[in-house]
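This structure is a prediction, so every number in the text was calculated from the model and none was measured.
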Amino acid sequence: MSTYLCGIDIGGTFTDCVVVDEAGQVTTGKAPSTPADFGEGLIAALDIVAGKLGTPLDALCRELAVLAHGTTVGTNAIIQKKGVRVGLITTKGHNDVIHIMRGSRGLTGRDIRLVVHIPESSKPDPIVPKYLIEGVSERVDCFGKVVVELNEDEAEQAIRRLVADGVEALAICFLWSFLAPEHEQRVKAMVERIAPGLFVTCSSELVPKWGEYERTAAVALNAYIGPLVTGYLARMDRRTTDLGYHHPLQITQCAGGTIPVAKAMAAPLLTLDSGPVAGVTGSRYAGGIMGYENVITTDMGGTSFDVGIIHGGEPAFSYRSLVHQYEYYLSKVDIQVIGAGGGSMARIDEATGVFRVGPESAGADPGPVCYGRGGSVPTVTDADLVLGYLDPDNFAGGAIALDREAAARALQPMGERLGLGLDETASGIARIVEFQMADLIRKVTIQKGHDPRDFVIFAFGGAGPTHAGVFAQELGVSKVIVPQRETASVWCAFGAAAADLLHVHERVNIMRSPFDAGTINAVLAELKARGAADLAADDVAPAERHYRFTLDMRHKGQINEVEVELGGETVAADRIGALHEEFRQRYEALYGRGAALPNAQLEIVTFRCRASGVTRKPRLSAADALPPEPAPEARRRPRSVYWAEWKRRAETPIYDGARLVPGNRIEGPAVIDTEVTTVVVHPGQTLAVDVYGNFEITLAAGTEGAG
């Protein structure tokens with residue numbers, strides 16, 4: 001009996017499914033997402049793949065070795081502000097921490113005008129109103145010593161009052177509890193006794209880090225989405241089990257990799273942004289096979305443009321997240337997002353007369369004007385259609401017939417106001433969104449000490465391959481990869497199938513230099529033991545367990561920390577000096593040469609262990625390269641395409657991407673159509689199909705900033 005790997009990713013419009021057999025053959029399926037019950041869309045996508053494989057759905061499920069699922073239930077609940085009624089129990093006298101927030105009010109890095117001019121901004125709607133916050137007497141000091149014992153009578157009264165007020169979840173966050181969690185654990189046990197089945201979460205379990213406000217925000221958000229996510233995951237676990245899937249359901253998480261469904265149900269906050277992160281996971285795996293250690297991942301869908309960084313074979317991480325102005329600390333793959341997708345709407349700012357694109361999106365309904373569903377504002381997709389990039393009769397595999405004339409009518413008045421022709425207006429929309437994407441990539445590379453020219457770009461999502469040739473050239477990048485051709489449009493689902501099991505453990509233990517190697521190694525050993533216990537519970541064989549250790553370090557007196565990689569599981573006494581040097585190099589890569597103070601005292605703040613269990617991977621097999629000339633049947637009827645580089649239209653070769661084979665080479669300008677995406681090869685660029693079946697676009701040298 002053959003076994004399959006399966007990855008499923010639920011998006012706002014479509015649910016994507018990827019199934020990989022033992023030979024590495026990939027079968028994909030897309031079904032409309034079903035917000036009323038996302039499980040229906042998941043099962044429908046699985047059923048589509050089963051149909052393509054010629055097997056009943058239950059038979060396919062019985063043959064699945066791994067089913068990894070990325071869920072947006074928690075993300076949607078926060079975006080739509082439809083979480084549950086949450087109660088918060090905290091240290092008496094600190095009830096208002098989550099309402100006071102930080103001075104920037106969750107606006108850091110977003111809009112400096114709102115940060116500086118307080119009257120123009122506002123705090124977010126409270127996820128926990130003040131009347132559902134209870135303070136109880138207890139106190140742990142900054143050294144982890146209990147100075148005031150927990151008043152259990154007060155705690156019990158607080159629990160009963162909140163339960164009587166109808167809370168559906170409880171968050172518990174005490175001062176310095178990450179150093180001494182016993183008070184939180186005792187209150188949690190009381191909740192389980194008084195209100196069995198109530199969702200309860202402790203900050204010392206979820207985010208054992210310092211930062212009173214950030215821990216409170218994290219635990220409150222976790223409780224806010226907890227019952228919704230756990231209910232959904234429990235239903236999906238039952239459904240897949242009933243269909244014959246007999247392994248633990250795996251859930252993609254924001255730190256990369258997957259976690260067992262039970263852990264995701266206890267910590268649903270880990271599932272936020274897990275879909276885009278899976279795209280980075282898939283890119284890291286495929287990039288490693290192809291020999292690329294430095295990759296910029298770009299995912300352009302209908303609404304957003306997501307960017308991640310892989311450097312030296314490892315994704316870039318962040319430890320500070322922002323959700324509806326609530327800031328919290330959680331280890332996650334760093335994904336930066338702007339509102340730039342196929343549905344991004346173009347408009348002229350009435351106050352300034354400036355031509356703008358996004359961040360507002362037409363979404364899937366009504367969608368772009370060319371969909372014919374009632375949309376009236378032109379979008380990037382409308383511009384792409386007018387330019388000739390898209391085949392109106394073969395969009396989304398022919399599922400949607402595009403109306404070019406309607407798109408042109410919507411663009412015409414805008415062009416007349418700007419004094420531009422139809423083609424120039426459409427080209428302007430495309431170039432604006434492409435340059436916005438290039439600006440985002442500059443921020444996530446240069447601000448982390450990286451030069452984008454040292455990277456290749458992976459372009460995926462439905463619209464990514466259409467625009468990557470321009471934003472990559474604007475950055476000076478030499479090569480764009482459209483991974484696995486048609487699979488690029490469901491790349492996040494592929495990434496879920498390629499993910500390893502991953503458990504991240506952290507411990508805050510502030511140490512000042514001179515450092516003691518024995519003390520450092522004792523903390524590292526404790527974290528490894530916790531990671532090993534998790535992997536053992538997941539039935540990961542010892543030979544398949546891997547551990548990666550890092551330290552968050554800073555200059556004494558500063559608050560900003562940088563992550564320093566340890567080469568092994570321990571630090572030798574004679575390597576302490578090297579630890580200082582590695583901190584200096586990383587610090588100066590981020591903040592500039594000479595920014596570090598060579599003789600300053602340093603602090604280690606956070607110890608971190610990433611414990612991963614290697615799982616079976618999709619097999620990307622190299623094929624023999626064939627002659628460079630595409631077969632005649634790969635050619636389609638040419639169509640007129642407007643090229644901004646030439647400032648004119650030209651009859652352009654069109655190719656069927658499914659009929660191109662490894663070794664084929666195409667000189668731009670050209671357009672490659674597939675069922676689910678369109679690859680645009682601009683003048684001066686060359687597309688080749690590599691031995692793994694990827695589309696590689698080589699950009700013209702010396703054209704940085706062209707266009």
Side-chain angles (χ1 to χ4, degrees), residues 12-13 111 298-307 337-392 395-396 400 402-441 459 461-471 474 640-645 647-649 671 677-678 680 682 707:
T13 306
D111 188 335
T298 61
D299 182 359
M300 183 180 181
T303 303
S304 66
F305 178 69
D306 306 336
V307 177
V337 183
I338 59 172
S344 293
M345 296 189 291
R347 69 192 188 285
I348 299 173
D349 190 305
E350 296 298 333
T352 63
V354 174
F355 197 8
R356 300 188 185 279
V357 181
E360 297 86 358
S361 174
D365 188 10
V369 176
C370 61
Y371 280 16
R373 297 175 179 170
S376 59
V377 180
T379 67
V380 173
T381 297
D382 293 307
D384 290 343
L385 179 61
V386 167
L387 291 171
Y389 294 165
L390 304 180
D391 181 351
F395 185 75
I400 302 174
L402 301 184
D403 187 342
R404 185 186 184 280
E405 294 305 316
R409 287 195 300 271
L411 286 169
Q412 195 76 44
M414 183 177 293
E416 291 173 356
R417 287 187 59 183
L418 296 168
L420 298 174
L422 178 62
D423 288 337
E424 289 80 7
T425 303
S427 181
I429 291 172
R431 285 300 166 109
I432 288 171
V433 79
E434 287 157 354
F435 290 169
Q436 287 173 343
M437 293 186 280
D439 284 344
L440 179 64
I441 294 171
T466 305
H467 296 276
V470 175
F471 66 68
E474 176 70 10
S640 175
V641 179
Y642 180 85
W643 299 105
E645 296 87 342
K647 297 183 179 179
R648 62 177 173 83
R649 284 188 169 269
V671 176
T677 191
T678 299
V680 177
H682 286 261

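Every pair passing salt bridge (Lys or Arg N to Asp or Glu O under 4.0 Å) that includes a residue from residues 402-421 is listed here, sequence neighbours excluded: E350-R417. Every pair passing side chain to side chain donor-acceptor pair (under 3.5 Å) that includes a residue from residues 418-430 is listed here, sequence neighbours excluded: D423-R649.
Between the side chain of T677 and the backbone N or O of G462, at least one donor-acceptor pair lies under 3.5 Å. T381 places a side-chain N or O within 3.5 Å of a backbone atom of G342 that can act as its donor or acceptor partner.
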Given V470 and H682, is the side-chain contact (heavy atoms from CB on, under 4.5 Å) satisfied, shown in steps? CA-CA 8 Å; V470 175; H682 286 261; 3.3 Å; yes
Between H467 and F305, is a side-chain contact (heavy atoms from CB on, under 4.5 Å) present by the stated rule, with each step listed? CA-CA 11 Å; H467 296 276; F305 178 69; over 6 Å; no
Go through the steps to decide whether E360 and R347 satisfy the test side-chain contact (heavy atoms from CB on, under 4.5 Å), and finish with yes or no. CA-CA 10 Å; E360 297 86 358; R347 69 192 188 285; 3.3 Å; yes
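Using a 4.5 Å cut-off on side-chain heavy atoms (C-beta onward), L411 and V386 make contact. Considering only heavy atoms from C-beta on, R648 stays 4.5 Å or farther from W643 through its side chain. Between P465 and T678 there is no side-chain heavy-atom pair separated by less than 4.5 Å. Taking the side chain as every heavy atom from C-beta outward, V354 and I348 never approach each other to under 4.5 Å.
Scanning both residues, P368 and A362, for their nearest heavy atoms gives N-CB, 4.1 Å. Taking each heavy atom of A383 and A426 in turn, the nearest pair found is CB-O, 3.5 Å. Scanning both residues, P378 and M414, for their nearest heavy atoms gives CG-CE, 3.9 Å. When all heavy atoms are compared, the tightest approach of A346 to I429 is CB-CD1, 3.6 Å. Smallest separation of non-hydrogen atoms from A459 and A468: CB-CB, 3.5 Å. Heavy atoms only, all atoms of each residue included: S376 and V369 are closest at C-CG2, 3.6 Å.
With values rounded to the nearest 0.5 angstrom, D439 atom CG is found 12.5 Å from F471 atom CZ. Atoms CD1 and CD1, on I441 and I338 in that order, are 8.5 Å from each other to the nearest 0.5 Å. Distance check, rounded to the nearest 0.5 Å: CG of L385 to OH of Y371 gives 10.5 Å. One finds the CG atom of L422 at 5.5 Å from the CD atom of Q412 (value rounded to the nearest 0.5 Å). Summarising the geometry, atom CD belonging to Q436 is positioned 13.5 Å from atom CZ belonging to R431; distances are rounded to the nearest 0.5 Å.
In this model, a donor atom of one side chain and an acceptor atom of the other lie less than 3.5 Å apart for D382 and T379.
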